[in-house]
Amino acid sequence: MTKVLKTKWHILCVLAAALLLALSMGGCHVIPMSDGGNKEGVTSIIGVSQANMREEWRVALINELREETDKYEDISIVTTDATGSASKQIQDIDNLIGFGIDLLIISPCDEKIMGDKIKEVHDAGIPVIVMDRAVEGFDYTLYIGPDNEVIGMQAGTYIVDLLGEKGGDVIALVGNPASVQGTERLSGFKAALEEAQNINIHEVYLGTESKDAAYDMILAAKNMVEKVDVIFTYSDTMALGVCDALRSMGLDRKVMTVDCDGFKGVDEGLDLVSQGRLKATVSCPIGGKEAIDYALSILNNESGVPKQVILRSNIIDSSNVEESINRINAQTADDGKKIRVGYSQVGQESNWRLANTKSIEESAKEFNIDLHMEIADQSQEKQFEAIRSFIKEGVDVIVVSPVVETGWDEVLREAKAAGIPVIMSDRNVVVENREENLTTTYLGADFVEEGRRAMRWIRDNVAADGGTMKIMEIMGNTGASPTEERDQGFREILSENPGYEISYSDYGDFTFEGGRKVVSEYLAQHEWDIDIIFSQNDDMALGAIEELKAHGIRPDEDVKIISVDATTEAFEAMVRGELSCAVECNPIIGPQLMKAVRDLCSGKQMPFRIITDEKVYDQSVADDYIRKRLY
Ligand code: GYE
């Protein structure tokens with residue numbers, strides 16, 4: 001085929017594909033084909049693959065995405081509706097790519113099937129933002145969604161408090177058992193009611209999530225309904241059917257209804273609470289605004305894009321519904337004014353920490369933030385003192401990297417009483433009562449996943465073919481969230497692989513000397529019989545390596561060494577052939593943190609968690625990456 005003919009044929013194919021795409025997407029916002037697929041001035045096209053347009057909140061997501069992109073002249077959006085079919089969603093994605101999109105936003109039909117397709121698109125270099133339903137693995141650019149277990153738990157906790165000592169009877173409407181979201185919300189709901197001996201749950205299966213099915217079911221179950229105190233359902237759609245049925249039976253004053261979603265439309269959660277028809281709703285933020293915010297950052301190659309953003313959900317009832325509606329409708333704008341931040345930093349215990357501090361200090365300047373940082377030398381008492389000094393100083397925001405997980409409730413209550421929001425950075429805390437909302441958001445790594453990655457690398461690269469492999473675990477400081485959670489993740493995968501066991505475990509406090517000491521003390525009491533060392537950070541691994549070499553034990557030869565952080569020093573040790581593998585824990589969270597601070601001060605709703613992006617490196621790639629390392 002001659003070049004000219006081929007070119008014409010090629011144009012015809014593109015136009016035909018685009019036309020097919022336009023025709024196959026009922027009600028979508030398609031760029032006029034007369035301009036050859038490009039709006040005047042459009043520099044980026046965002047493709048959206050929605051699982052279906054049957055569920056209200058999915059329609060709400062598309063609307064929110066359109067509202068946001070309409071604010072930008074140079075961005076266009078093209079949407080598709082997979083009508084609940086994974087095979088159609090795959091075809092939609094291929095059409096969108098053929099259309100020339102620059103970024104894909106997808107809410108998957110089927111997490112497993114679509115996970116493979118998402119990986120294919122992501123590996124082809126097209127950024128992918130996954131929304132609502134998380135796929136297996138991390139082969140995507142960013143995940144944004146709610147924590148549906150927490151949403152169900154919040155609803156359950158509210159009902160327990162509502163019924164109090166007297167307790168009572170609760171109907172739980174179950175919509176579509178195949179719905180991941182519904183299953184997770186019901187699971188959280190039941191977990192919250194588990195301890196409440198005085199509450200009886202009556203599960204009623206609808207089999208679908210429609211308003212009419214809920215309406216008909218409640219009417220049909222009148223004999224049961226008039227004996228219960230509360231009806232729980234996990235979507236606004238079903239809640240409306242319940243409220244209508246109760247009203248038609250004259251039971252809407254006797255029986256309370258609690259639901260999830262809390263959308264802002266007419267006869268949706270917030271409106272039903274405002275009308276007094278719904279006792280409470282647990283808001284499930286849609287995330288469209290966040291998705292476009294991050295899409296722009298990704299398209300502009302900005303730093304600080306996290307791996308996961310877990311959206312915050314709130315209990316909304318008559319006491320706060322007006323405030324919630326006002327906050328949703330308020331146009332949040334960052335006025336750019338200087339913000340004062342008090343930062344209580346763990347210490348200077350490791351290279352990771354030094355890089356973390358540097359990133360935070362540099363980003364503060366970049367984001368016009370007046371940073372007052374106090375280093376605590378791994379002392380919780382010093383952190384308490386620092387936080388109280390920030391409260392006295394009257395800073396706008398307090399940020400804490402907590403040396404340990406527990407013991408923070410009192411000082412956090414003092415900050416809350418002073419009206420100063422607290423962000424947890426790098427490490428998280430465990431508080432007595434989550435509903436007190438003592439912290440606004442957690443920004444850092446998924447330490448449990450880091451632990452899993454370390455053991456998966458061992459499983460895949462250190463064969464257990466000569467009996468059980470003995471593992472020495474060198475842990476960070478006692479009670480720190482990375483210590484507890486890396487251990488948890490590591491042991492989770494270990495339990496699936498009988499050829500390995502942790503035969504010795506001790507604390508090294510995340511320091512070089514601490515790691516050296518663990519090996520030294522082991523050798524003082526044992527002949528060396530360890531096959532693998534799992535060190536929870538690089539500094540301890542490097543200290544261990546020094547002690548091994550002092551005793552004539554060859555790192556990576558006589559014993560494989562796997563570490564977490566992946567600092568430049570770890571890459572150097574891998575290039576030297578001493579460290580076997582480094583699981584990344586990214587300390588460069590300054591940009592994300594300062595963006596979160598500015599968002600918080602401009603009135604935006606803060607996510608529950610913002611999880612950083614991380615990979616695994618070993619000697620096979622160390623030399624390729626060492627010059628690109630940022631810390
Ligand atoms: O792994 C270690 C630092 O909190 C994730 O603390 C951080 C850990 C990191 O001392 O090097």
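Each ligand, and each atom within it, is numbered from 1 in the order the structure gives. Please read these numbers as outputs of a predicted model, since none were measured by experiment.
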Taking atom 9 (C) of ligand 1 as the reference point, the nearest protein heavy atom with its distance: D565 OD1, 3.4 Å

Electrostatic pair D426-R353, nearest N-O below 4.0 angstrom: yes

Under 4.0 Å to a heavy atom of F447 - the qualifying atoms of ligand 1, by number: 5 (C)

Ionic contact status for E569 with R629, cut-off 4.0 Å: no

Any donor-acceptor N or O pair under 3.5 Å, side chains N148, R185: yes

Side chains of N351 and T567, donor plus acceptor under 3.5 Å: no

Per-atom contacts, ligand 1 versus C585 - under 4.0 Å to a heavy atom: 5 (C)

E362 and K358 ion-paired at < 4.0 Å: yes

R388 bridged to E414 by N-O distance under 4.0 Å: yes

Residue portion contacting ligand 1 (non-hydrogen atoms closer than 4.0 Å) for Q378: neither

Qualifying residue, where the test is side-chain contact (heavy atoms from CB on, under 4.5 Å) with L311 and the options are D132, I144, D147: I144

Per-atom contacts, ligand 1 versus P482 - under 4.0 Å to a heavy atom: 4 (O)

Shortest protein contact, atom 8 (C) of ligand 1 (heavy atom only): R427 NH2, 3.7 Å

Among E405, R427, E450, the one residue meeting side-chain contact (heavy atoms from CB on, under 4.5 Å) with E485: E405

Polar proximity ligand 1 side, D539 side, N/O cut 3.5 Å exclusive: no

Non-hydrogen atom of E450 closer than 4.0 Å to ligand 1: no

Per-atom contacts of ligand 1 with S350, taking only distances under 4.0 Å to non-hydrogen atoms: 2 (C), 3 (C), 10 (O), 11 (O)

Atoms in ligand 1 flagged as close to E349, the criterion being non-hydrogen separation under 4.0 Å: 3 (C), 6 (O), 10 (O)

For atom 7 (C) of ligand 1, closest protein heavy-atom neighbour: D426 OD1, 3.2 Å

